[in-house]
Amino acid sequence: VQLQASGGGLVQAGGSLRLSCAASGRTFSTYAMGWFRQAPGKEREFVAAISYSGGSTYYADSVKGRFTISRDNAGNTVYLQMNFLKPEDTAVYSCAADQTYYTGRHYLTTAKRYDYWGQGTLVTVSS
């Protein structure tokens, strides 16, 4: 599967952005999807994940209550709605896919579990 992330940009603190990740192929509904981010000088970190059906979602503590992950299996797209953005949310956001029916938190929040990665989209939050 190929992934194409979009929707990044420059926003003021307190603002909102919605990231999209479009996937190729006809088996999107068999893939768990995740969003990860990497800020300058920092390691990549987990942001949010959603199971193949959308029935399970997980968030990093730092974004819980502000970000929402969702998916449209008919449209082969996963979204990350980001509200109340903070300067510390500034990073390159990448989507990832793993073909699995597993829904466990530890599995879906671990980057090494994902086999396919998009190119990333830059989110910059100004103070």
Side-chain angles (χ1 to χ4, degrees):
V1 64
Q2 292 183 321
L3 306 174
Q4 180 72 41
S6 61
L10 174 64
V11 63
Q12 288 188 330
S16 298
L17 282 175
R18 188 175 81 156
L19 306 184
S20 299
C21 177
S24 64
R26 295 176 291 178
T27 59
F28 179 70
S29 62
T30 65
Y31 286 82
M33 300 296 296
W35 285 98
F36 294 80
R37 67 186 182 186
Q38 187 166 19
K42 295 187 177 181
E43 293 188 354
R44 182 172 57 192
E45 64 175 356
F46 166 75
V47 177
I50 188 167
S51 62
Y52 70 100
S53 67
S56 296
T57 57
Y58 302 105
Y59 299 93
D61 288 343
S62 59
V63 307
K64 199 173 295 183
R66 300 188 298 122
F67 290 11
T68 303
I69 189 171
S70 61
R71 66 187 298 157
D72 173 6
N73 281 349
N76 282 19
T77 304
V78 64
Y79 302 98
L80 184 68
Q81 177 67 44
M82 305 186 296
N83 298 328
F84 305 108
L85 283 160
K86 304 176 181 180
E88 51 263 44
D89 293 319
T90 295
V92 174
Y93 285 71
S94 299
C95 57
D98 180 57
Q99 192 168 32
T100 181
Y101 291 119
Y102 194 67
T103 61
R105 177 182 177 83
H106 181 72
Y107 188 99
L108 295 186
T109 61
T110 303
K112 67 180 181 181
R113 300 296 185 184
Y114 291 85
D115 295 325
Y116 304 95
W117 292 80
Q119 87 289 357
T121 185
L122 176 63
V123 172
T124 303
V125 184
S126 63
S127 57

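Arg37 is listed as a side-chain neighbour of Val63, based on a closest heavy-atom distance under 4.5 Å. Under the 4.5 Å side-chain criterion, counting only non-hydrogen atoms from C-beta, Met82 is in contact with Leu19.
Contacts of Lys42 classified as salt bridge (Lys or Arg N to Asp or Glu O under 4.0 Å), with partners at least two apart in sequence or in another chain: none.
Across all their heavy atoms, Ala32 and Leu108 have their closest contact at CB-CD2, 3.5 Å. Closest non-hydrogen pair, Ser20 versus Thr77, comes out as CB-CG2, 4.3 Å. The two residues Leu122 and Val92 make their nearest non-hydrogen contact at CD1-CG2, 3.9 Å. When every heavy atom of Leu80 is checked against every heavy atom of Ala48, the shortest pair comes out as CD1-CB, 4.0 Å. In terms of heavy atoms, Tyr114 sits closest to Ala49 at OH-CB, 3.7 Å. The two residues Thr103 and Ser56 come nearest to each other via the heavy atoms CB-OG, 3.8 Å.
Of the residues Val1, Asp115, Asn76, Leu3, the one that meets the side-chain contact (heavy atoms from CB on, under 4.5 Å) test with Tyr31 is Val1.
Asn73 places no side-chain N or O within donor-acceptor distance of the main-chain N or O of Ser53, the cut-off being under 3.5 Å. Between the side chain of Thr100 and the main chain of Asp98, no donor-acceptor pair closer than 3.5 Å is present. Side-chain atoms of Gln119 come within 3.5 Å of backbone N or O of Ala5 as a donor-acceptor pair.
For Lys86 and Asp89, the salt-bridge test fails: no basic side-chain N is under 4.0 Å from an acidic carboxylate O.
Side-chain heavy atoms closer than 4.5 Å link hydrophobic residues (I, L, V, M, F, W, Y) into clusters, and following such links, even through other members, never connects Tyr107 to Trp35.
Both cation-pi conditions hold for Arg71 and Phe28: the charged atom is under 6.0 angstrom from the six-membered ring centre and inside a 45 degree cone around its axis. For Arg66 and Phe84, the positive end is not near the middle of the six-membered ring at less than 6.0 Å and at most 45° from its axis.
Contacts classified as ring pair (Phe, Tyr, Trp, His ring centres under 6.0 Å) and involving residues 42-76 (residues at least two apart or in different chains) are given here: Phe36-Phe46, Tyr52-Tyr101.
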Please step through side chain to side chain contact (heavy atoms under 4.5 Å, CB included) for the pair Val78 and Cys21, ending with a clear verdict. CA-CA 5 Å; Val78 64; Cys21 177; 3.4 Å; yes

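The local environment of CD in Gln2 is sparse, with at most 12 non-hydrogen atoms from other residues, nucleotides or ligands closer than 6.0 Å.
For the atom pair Leu17 CG and Gln81 CD, the distance stands at 8.5 Å (nearest 0.5 Å). From Thr57, atom OG1 reaches atom CE of Met33 across 14.5 Å, with rounding to the nearest 0.5 Å.
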